[in-house]
Amino acid sequence: MKILVLSGSPHKNGTTSLLIDEFYEGATQSGHEVVRIDTAKLKINPCLGCNHCRRNEGKCVHEYDDMLEIILHLLTADAVVLVSPLYYFGLTAQLKTVIDRFYSVNSLLRESPKKLYLIAAGADTDDWAMDGVRAHYKTLCKYLGWHEGGTLLAYGLAERQDAENSEYKIMANKFGKEI
Ligand SMILES: Cc1cc2nc3c(=O)[nH]c(=O)nc-3n(C[C@H](O)[C@H](O)[C@H](O)COP(=O)(O)O)c2cc1C
């Protein structure tokens with residue numbers, strides 16, 4: 001299975017990066033192909049809502065930025081894993097910008113059912129802290145007609161060291177292994 005991991009963190013070696021490394025190890029051990037894209041490192045312009053794509057067979061007005069690379073992987077992936085630190089109880093702007101750009105290929109994505117997964121990490125320990133990302137994840141699955149693969153929601157992780165010492169490290173490996 002081809003798995004596309006879309007990471008939204010700007011930290012190269014932060015909390016979610018560690019969880020992705022563990023996930024990667026587990027998933028590749030199970031024989032999957034994993035493509036990881038760090039969206040914060042790419043040049044992805046925000047959707048302008050101009051509907052140029054609607055009038056031009058899906059061609060975005062930003063056709064020369066890095067989104068094309070993501071779209072090519074998206075269309076050929078069997079599963080997509082959204083990974084984000086919690087920023088103001090939502091996904092990071094970097095990852096949300098990528099998701100907004102799904103718009104230009106909406107119908108292609110909706111015609112191609114995949115499994116969607118979510119890995120999110122935040123400093124908070126309150127259960128409600130993840131309500132926003134959990135709801136967004138479920139709504140995306142519903143809209144795209146993709147299957148809810150599952151979520152790994154990691155609480156109380158302010159920095160990488162917290163993840164190193166937590167059960168979430170093992171859980172991320174298992175999450176990848178059992179995907
Ligand atoms: C701008 C900003 C907003 C944040 N908002 C939240 C939040 O709403 N809830 C939370 O639990 N943690 C919040 N955090 C903490 C991060 O989610 C946490 O430090 C996470 O481990 C960072 O992951 P990373 O190293 O992979 O980027 C915020 C951090 C930043 C920088």
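Atoms within a ligand are numbered from 1 in the order they appear, just like the ligands themselves. Values below: all heavy atoms of this structure, side chains included; hydrogens, waters and symmetry mates excluded.
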Among all residues two or more places apart in sequence or in another chain, which pass the ring pair (Phe, Tyr, Trp, His ring centres under 6.0 Å) test with Tyr103?
none
Collect the protein residues that have a non-hydrogen atom under 4.0 Å from ligand 1 and hand them over in chain and number order.
Ser9, His11, Gly14, Thr15, Thr16, Pro85, Leu86, Tyr87, Tyr88, Phe89, Ala121, Gly122, Ala123, Asp124, Leu157, Ala158
State yes or no: do Ile170 and Leu157 share one hydrophobic cluster built from I, L, V, M, F, W and Y residues joined by side-chain heavy-atom distances below 4.5 Å, directly or via other members?
no
Of Ile70, Val83, Val81, which meets side chain to side chain contact (heavy atoms under 4.5 Å, CB included) against Leu6?
Ile70
When Tyr155 is tested against each of Asp127, Asp162, Thr125 for side-chain hydrogen bond (donor to acceptor under 3.5 Å, both in side chains), which residue passes?
Asp127
Among Lys169, Arg36, Lys12, exactly one meets salt bridge (Lys or Arg N to Asp or Glu O under 4.0 Å) together with Asp21. Which residue is that?
Arg36
With Val61 as reference, evaluate Leu48, Asn51, Asn45, Asn56 under the side chain to side chain contact (heavy atoms under 4.5 Å, CB included) test and give the passing residue.
Leu48
